[in-house]
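First comes the structure, then the notes that go with it.
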Number of protein chains: 2
Amino acid sequence: MTTDSKRPLTLRDVSEATGVSEMTVSRVLRNRGDVSEKTRTKVLSAAKELGYVPNKIAGALASNRVNLVAVIIPSLSNMVFPEVLTGINKVLENTELQPVVGVTDYQPEKEEKVLYEMLSWRPSGVIIAGLEHTDAARAMLSSAGIPVVEIMDTDGKPVDAMVGISHRRAGREMAKAILKAGYRHIGFMGTKMPLDHRARKRFEGFTEVLAKEGVEIEDREFYSGGSALAKGREMTQAMLARSPELDFLYYSNDMIGAGGLLYLQEQGVSVPGQIGLAGFNGVELLQGLPRQLATMDACRLEIGRKAAEIIAAQLEDPEAVIEKHVTLTPTISYGDTLKRR
Amino acid sequence: MTTDSKRPLTLRDVSEATGVSEMTVSRVLRNRGDVSEKTRTKVLSAAKELGYVPNKIAGALASNRVNLVAVIIPSLSNMVFPEVLTGINKVLENTELQPVVGVTDYQPEKEEKVLYEMLSWRPSGVIIAGLEHTDAARAMLSSAGIPVVEIMDTDGKPVDAMVGISHRRAGREMAKAILKAGYRHIGFMGTKMPLDHRARKRFEGFTEVLAKEGVEIEDREFYSGGSALAKGREMTQAMLARSPELDFLYYSNDMIGAGGLLYLQEQGVSVPGQIGLAGFNGVELLQGLPRQLATMDACRLEIGRKAAEIIAAQLEDPEAVIEKHVTLTPTISYGDTLKRR
DNA sequence: ATGAAAGCGCTAACAC
DNA sequence: GTGTTAGCGCTTTCAT
């Protein structure tokens, strides 16, 4: 066992304890170069005995290599980004790379700051949510000299690579399905988030298709904060009180949609006959509700996975030819709240 | 604007661009020591112009200071730890410190590995979930020479500091409330997680109180994976088919409890008259369900906050006298599924 | 108020 | 297979 000393141990300590040079100790600890089995075991056991923990700070400075991938996301609190992280982890686990995550709370200035902080650790790559950044952030990304993958959204021009879905198209597809099912009086509910560009793009795609058919959103409501399930319930109640003629409610996420669905069931409203519903995200969590909300999968796991693969591949071989624009295609699940025609 | 060069800029580049010594540039960038207003602005504008991003690796090595706090948690996918992280963030935002999170998937060996990786970056402090670790992990923690706070649980002896609730007590309190309400035929459902020590402790406390009254758990079921809501539904159905005499169901978390609640409502079972229910965690998400599940708050936000405060205080003044054992007291909410007596 | 020198703990590059 | 030397980019310390 170790005695608790003030100063962390260094290579030198291990070197002195074994009589082996620092350099060879370093080689053993990193599995680099040829070392005789004898010294190898001697060093290894001494390092363990002493409780030596390598100093990556020094190692990174000397080797100019940092096996960190900066992952920058807007939020941890809605299940979509944790799932992306899971996908990233799955891939990076098989490499030397380690993800480090930063959270921006959907604020561009905070994103800029977080990015700056992370870049100052000289990571080997960056995965960052969205295509919209401040000019300064974009400049940092492009001059960092490392692979950058912008994820979630593909409606726009990336700094380097991008992996995601087209949210505009997602909105369009859902609008088509709704119109095809015969609904014509549509209400919309979503977050009060001018900075959630993906939600905005879905909305734009959605209204675009409606407009082509001469249909307009007849009522809308936005919320912020609080339990999404409860908000969906409240907003649905309020909207239907206000606009009883509506025959479809489009929610910008599954949680508020589920709240609406629960409310309508309690009221004995027939879904999808009297009113149809749809959300967005394909939240696994909601399986288990009495009825399944129509939704669209956002391919979160796959996005994380693919993004990590791009970073890993590019670091492995900087010359490799890699597909830098990956657009995944989400599928609609009709569930029990959207008529199928 | 910057031209995209291969090599990241160094202090020297800024120094040469301004004609100011590296040392003074460094001082300006860190707001340390006296620098004339004139050189200060000159340096600042040049740094910005060039797009200089400091190299924290080098800075950390030279100064022997790393403003990182390692946060090690079992999982990101169940909302409890993200909330702890939020609490930590709130506090650290007002300091120089930055959290870096590692995930262990409830596996001791992975925890050990993650801890080792993180310590090799020489963080200024560690916040780690749980009191149970491998011997090696415990040794690393105690010999790291930095503040360590073990969180969530206080039923045990910490390496250094601890902040949490007593899960044994939480289990006991819930058992008391259930017995007091007159229920006697109790079923239990939970995750199949031999390594979730906190769930285990709650269960132990729970059965301990029951035993004193001569009551025993009459049926139990464990699950793993999948949507918790759906699992709660399925397990509840199965258990009641098997053990129709049960008059109370205790769930190890709110999500499966909510699944059970939804199922019972559909079946027209009277809750809490015919059957009572309780979960654990106080998940805000569930507000918005037709009826509120009885539960117990795990004080997640507060735990994160307090843990971060301990780290920050200790780093600010290593001599300061700090309360190192903080036990928070969760409160029962009876909701609509547990009779009040 | 500013600069020069030394060195943080490690690894690349080159001996031997 | 092993050792030596130099230096990564910064900050500390000391000088001016």
Side-chain angles (χ1 to χ4, degrees), chain A residues 5-44 46-47 50-67 96 117 119-124 144-145, chain B residues 5-44 46-47 50-67 96 117 119-124 144-145:
Chain A
S5 67
K6 204 72 248 174
R7 173 185 62 78
L9 298 170
T10 68
L11 265 190
R12 170 175 228 111
D13 294 309
V14 181
S15 167
E16 284 173 357
T18 54
V20 176
S21 78
E22 280 186 48
M23 197 52 232
T24 301
V25 172
S26 168
R27 281 194 267 255
V28 170
L29 265 21
R30 286 177 298 143
N31 280 314
R32 280 260 150 38
D34 292 328
V35 182
S36 75
E37 197 48 39
K38 200 178 125 217
T39 51
R40 154 175 233 78
T41 51
K42 179 161 59 171
V43 167
L44 245 24
L50 296 169
Y52 172 70
V53 177
N55 185 333
K56 288 212 182 188
I57 305 263
L61 183 62
S63 67
N64 196 25
R65 261 195 299 272
V66 181
N67 293 326
E96 297 279 67
E117 290 292 322
L119 287 181
S120 72
W121 286 102
R122 300 287 187 266
S124 294
Chain B
S5 67
K6 205 71 249 178
R7 176 185 60 77
L9 298 171
T10 69
L11 264 190
R12 171 176 226 114
D13 294 309
V14 181
S15 167
E16 283 171 358
T18 53
V20 177
S21 79
E22 280 187 48
M23 197 50 237
T24 301
V25 172
S26 168
R27 280 195 267 254
V28 170
L29 265 21
R30 286 176 300 142
N31 280 314
R32 281 261 161 8
D34 292 328
V35 182
S36 75
E37 196 48 39
K38 199 176 127 220
T39 52
R40 150 173 236 80
T41 52
K42 180 162 59 172
V43 167
L44 246 22
L50 295 168
Y52 171 72
V53 177
N55 185 333
K56 288 213 183 187
I57 305 262
L61 184 62
S63 67
N64 196 25
R65 261 195 297 270
V66 182
N67 293 325
E96 297 278 70
E117 290 291 322
L119 287 181
S120 72
W121 288 102
R122 300 287 185 267
S124 294

N/O to N/O distances under 3.5 Å, protein versus nucleotides 14-16 of chain C:
none

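Put simply, the side chain of A/S120 never gets that close to the backbone of B/K56: no donor and acceptor are under 3.5 Å apart. Of the possible polar contacts, one joining the B/T41 side chain to the B/E37 backbone as a donor-acceptor pair under 3.5 Å is found. Of the possible donor and acceptor atoms, none in the side chain of A/T18 sits under 3.5 Å from a partner among the backbone N and O of A/V43.
Mapped onto DNA chain C by nearest heavy atom, B/A62 and A/R32 fall at different nucleotides, with B/A62 at the one closer to the 5' end. When each of A/Y52 and B/G19 is assigned the nucleotide of DNA chain C with its nearest heavy atom, B/G19 is the one assigned upstream, toward the 5' end.
For B/A58, whose side chain is taken as the heavy atoms from C-beta onward, the closest listed nucleotide among C/dG9, D/dT11, D/dC10 is D/dC10. When distances are taken from the side chain of B/T39 to each of C/dT2, D/dG3, C/dG9, the shortest belongs to C/dT2. The side chain of B/S21 has C/dG3 as its nearest neighbour among D/dG9, C/dG3, C/dG9. Side-chain proximity of A/S36 to D/dG9, C/dT11, D/dG1: nearest is D/dG1. Among the nucleotides C/dC10, D/dT11, C/dA1, the one closest to any side-chain atom of B/D34 is C/dA1. The B/L11 side chain lies nearest to D/dC10 when the options are D/dT12, D/dC10, D/dT4.
Terminal axes of the helix from C/dA1-D/dT16 to C/dC16-D/dG1 (five pairs each, C1' rotation axis) are separated by 30°, to the nearest 10°.
Note: CD (A/E22) to P (C/dC10) measures 7 Å, nearest angstrom.
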Can you give each donor-acceptor pair under 3.5 Å made by side-chain atoms of residues 23-31 of chain A, sequence neighbours left out, with the distance rounded to 0.1 Å?
from, atom 1, to, atom 2, distance (Å)
A/T24, OG1, A/S21, OG, 3.2
A/S26, OG, A/R30, NE, 3.1
A/S26, OG, A/R30, NH2, 2.9
A/R30, NE, A/S26, O, 3.3
A/N31, OD1, A/R40, NH2, 2.4

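Note on A/T10: every side-chain N or O is 4.0 Å or more away from OP1 and OP2 of C/dG9.
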